[in-house]
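Side chains included, hydrogens not; waters and symmetry mates left out as well; all remaining heavy atoms used. In this chain, numbering begins with 1 at the start of the sequence shown. Note that the structure is predicted; figures quoted are calculated from it, not measured.
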Amino acid sequence: MLILAAVAVLAACAPTGPGVRGDGADGADITRIERMLAAGEYEQAALAFEQQALTRPLDGDPLLIRAAEAWLQAGRLDQAELALGRIDTAALVDDQLVRLDLAQAELTMRRGDLANAGWLLASTADRLPQSLEARHAELEALLRELESRPVRDALAALQDAVAETDFSGETALALMLEFPVTELERVLYQVADQPRLLPWLDLVISAREHLLDDAALDEALTDWQQRWPELDYDAEQAGRWIRAWRQTRPMPEHITVLLPAADTALHRPGEALREGLVAGWLRLPPGQRPRLAFRYVGPEPEDIVAAWFDARESGTDFLIGPLDRGQARALAELPDAGLIPTLLLNLPENAERLAEAGGEITALALPPETEAELAAIHALAMGHRRALVLSQYSDWGERVAEAFADTFTLGGGRVLTDRIYDPQLPDHSTLLREILEVDRSEARIDRLAGILGEDMESVAQRRSDVDVIFLGARASDARLLRPQLAFFDAGDLTIMATSHVVDGAPQPQRDRDLDGISAPMPPWFLDYTTAGALRERARSLYAGLDNSTLSRLHALGRDAIALVPWLSMMRADPTLSMPGMMGELSLPDGHIFRRDLPVVRIEGGVASPVEFEYGPSAQR
């Protein structure tokens with residue numbers, strides 16, 4: 001919900017940009033939107049296209065078609081329909097009219113009206129420009145697939161079962177629960193005139209939307225029961241059945257885990273990961289636990305390739321690892337890597353290679369850029385549009401600063417100043433005086449005093465055109481920088497950072513100097529979450545969890561093993577998510593897990609949840 005709320009704000013704050021025919025700076029904006037599409041960020045891309053349509057009316061209608069296509073990729077059918085409904089067909093040329101018809105055909109078939117979708121595809125077949133032939137062929141293939149999908153057989157079985165005297169909600173769940181939400185909504189659209197089916201399809205959709213999140217599932221089932229109070233089946237019964245059903249999900253029999261060898265730099269982090277995997281494995285029902293084989297490999301890319309061949313020869317069913325980024329790249333580039341279902345624990349340098357690798361290969365990683373992007377989205381959602389970026393002089397600092405700036409700018413914000421600081425220095429007052437323009441205020445006071453020929457009682461003021469500061473800082477730096485920012489009268493500004501601004505879980509006796517900083521934070525480091533309670537118990541069982549890096553990797557291991565039985569369903573359903581230790585995990589593009597994190601604010605050295613508010617009036 002946090003990301004959906006944040007994305008909604010982008011509709012009002014995406015940058016001005018091109019129509020379809022733009023070039024130069026406009027073309028760069030379109031290129032950024034295309035990168036969103038390639039990364040599976042369909043909702044953000046759709047909103048950006050819609051904003052482009054508002055700011056470039058001459059190209060608005062073709063851009064609305066692009067927006068509708070992106071909404072369709074995101075599975076947001078209502079939004080796609082709204083975008084298509086705003087198009088003035090009289091303003092379109094022939095090729096654009098064909099593209100519009102193809103978008104309408106896709107919307108229609110995803111709504112379940114396969115006959116009309118087929119008619120639209122047939123009507124465009126003889127007027128296709130070459131540039132749309134591939135798109136037309138894809139939609140024809142999708143139509144054939146939808147006409148033969150098992151969901152239609154399951155619906156027919158449900159229609160027969162609901163007429164039986166011994167029918168119960170468990171029959172509906174058993175028949176339909178495995179299908180993606182988009183397919184369930186499609187059949188719901190088809191049977192809207194069959195009142196006996198509606199409550200049961202509503203039950204299945206309500207359960208499926210929150211399948212892996214117990215708290216949200218219970219709330220959704222309670223809401224469902226209130227909508228259909230006349231049924232002889234209640235939320236408690238449904239919840240019990242769903243939890244029992246989840247325990248039946250098949251796990252691989254034999255999982256090989258690739259870990260850094262004892263003589264490598266990543267050995268201790270790898271051991272923290274191993275402990276997390278084992279802890280997650282112990283939480284599985286005894287009958288569902290796979291056999292784990294830990295394989296320790298050297299630091300070179302060829303070491304991981306040799307380990308992959310050994311795992312294949314040993315008949316392993318699933319691979320987890322490696323942790324090293326270069327080795328992740330080597331495995332992703334292996335021509336047959338996807339023959340063994342694999343969960344990488346780092347992103348290869350060329351992440352797009354995962355989509356080209358084929359087979360069942362996915363990546364679960366903890367890149368700091370993700371949190372910087374979420375910080376930018378939150379700042380935009382609060383109504384902030386003018387930012388200062390201050391990051392440490394390191395590769396890590398450069399990466400998070402660039403991620404924040406790119407996302408903030410794309411959302412309509414402006415980075416006024418982007419500076420680096422030396423993390424080895426304890427005093428940053430000279431740099432802060434400069435970027436806050438306190439030195440200019442002092443110079444103006446001195447000039448005025450010189451003109452008047454007498455001393456003046458005046459206090460230098462910081463610049464007033466800034467409403468948010470992003471700190472690309474780690475914990476030790478941030479505890480120095482935050483008080484110094486307050487000293488220069490910047491304490492009232494919104495200050496955003498990543499979770500690395502805190503050394504693990506916030507502690508009042510240590511982190512009071514961070515008060516006022518807001519950051520996306522993994523649930524693992526929040527004491528008020530279920531994941532935080534698990535972390536507290538784990539600290540007494542596993543050494544090293546007071547180290548934030550090792551603690552993150554322990555949590556990553558827990559998430560990795562918990563995801564394994566759900567990978568196939570998550571690939572088929574981009575909306576399916578799992579509340580993990582390190583964030584809400586989903587697989588929108590089928591290859592790289594997305595992490596959505598709650599945003600918290602540090603007050604009194606304690607993290608408190610921050611709810612999204614909209615507009616400039618909600619800046620503080």
Side-chain angles (χ1 to χ4, degrees), residues 1-17 29 32-33 35-37 39-52 70-71 74 76 79 366-389 391 399-415 418 466-472 493-501 517-523 574 577 582-586 588-589 592-601 607 609-620:
M1 290 301 297
L2 178 63
I3 286 299
L4 290 177
V7 167
V9 176
L10 295 181
C13 60
T16 59
D29 284 340
R32 284 197 294 271
I33 302 175
R35 285 203 297 267
M36 287 184 192
L37 291 171
E41 298 171 358
Y42 304 126
E43 292 181 357
Q44 289 187 358
L47 289 165
F49 276 131
E50 288 190 350
Q51 182 63 18
Q52 298 268 341
W71 284 125
R76 300 287 299 279
Q79 294 295 331
L366 305 175
E369 293 92 335
T370 296
E371 297 184 13
E373 291 165 358
L374 289 172
I377 291 172
H378 183 80
L380 291 166
M382 294 178 71
H384 300 312
R385 296 295 180 269
R386 299 177 303 279
L388 298 182
V389 175
S391 59
R399 287 162 58 193
V400 297
E402 183 177 356
F404 176 90
D406 286 350
T407 303
F408 192 73
T409 302
L410 189 59
R414 179 184 172 199
V415 175
D418 184 352
V466 177
D467 50 26
V468 62
I469 296 175
F470 176 72
L471 282 184
L493 292 174
T494 295
I495 301 178
M496 299 297 305
T498 70
S499 67
H500 300 82
V501 79
I517 294 180
S518 298
M521 189 75 67
S577 64
M582 293 304 291
E584 187 83 10
L585 304 173
S586 60
D589 69 350
I592 300 174
F593 275 95
R594 183 172 72 188
R595 289 192 305 131
D596 293 335
L597 306 177
V599 175
V600 301
R601 180 181 171 92
V610 174
E611 299 296 334
F612 271 100
E613 299 180 56
Y614 302 102
S617 62
Q619 288 184 7
R620 282 181 287 279

Reported CG-to-OG1 distance for the pair Asp596 and Thr370, which is rounded to 0.5 angstrom: 9.5 Å
CG on Leu597 to CE on Met582, rounded to 0.5 Å: 7.5 Å
Heavy-atom closest contact (Phe49 atom, Leu37 atom, distance): CE1-CD1, 4.0 Å
Sub-4.5 Å side-chain heavy-atom contact between Glu43 and Trp71: yes
Min side-chain heavy-atom separation Gln52-Ile33 under 4.5 Å: yes
Side chains of Glu371 and Pro522 in contact at under 4.5 Å (non-hydrogen atoms): yes
Any side-chain heavy-atom pair of Leu585 and Arg595 under 4.5 Å: yes
Smallest separation among heavy atoms of Ala519 and Ala497, with atom names: CB-O, 3.3 Å
Partners meeting side chain to side chain contact (heavy atoms under 4.5 Å, CB included) with Pro368 (sequence neighbours left out): Trp396, Arg399, Val400, His500
Within-4.5 Å side-chain heavy-atom neighbours: Thr494 and Asp467: no
Over all atoms of both residues, closest heavy-atom pair of Val600 and Val610: C-CG2, 3.7 Å
Contacts of type side-chain hydrogen bond (donor to acceptor under 3.5 Å, both in side chains), residue Ser391, not counting sequence neighbours: none
For the student: nearest non-hydrogen atoms of Ala375 and Pro520, plus distance: N-CG, 3.9 Å
Euclidean distance, Glu373 CD relative to Thr407 OG1, rounded to 0.5 Å: 4.0 Å
Reported CG-to-CD distance for the pair Leu410 and Gln44, which is rounded to 0.5 angstrom: 7.5 Å
Side-chain touch Leu471/Ile495, heavy atoms, less than 4.5 angstrom: yes
Close side-chain approach of Leu388 to Phe470, heavy-atom, < 4.5 Å: no
Donor + acceptor pair across side chains of His378, Ser518 (<3.5 Å): no
Rounded distance (nearest 0.5 Å) linking atom CZ of Phe404 with atom CG of Leu374: 11.5 Å
Side-chain touch Phe408/Val468, heavy atoms, less than 4.5 angstrom: yes
Residues which pass side-chain hydrogen bond (donor to acceptor under 3.5 Å, both in side chains) with Arg35, listed by chain and number, not counting sequence neighbours: none
Spacing of Leu380 atom CG and Arg385 atom CZ [to the nearest 0.5 Å]: 5.5 Å
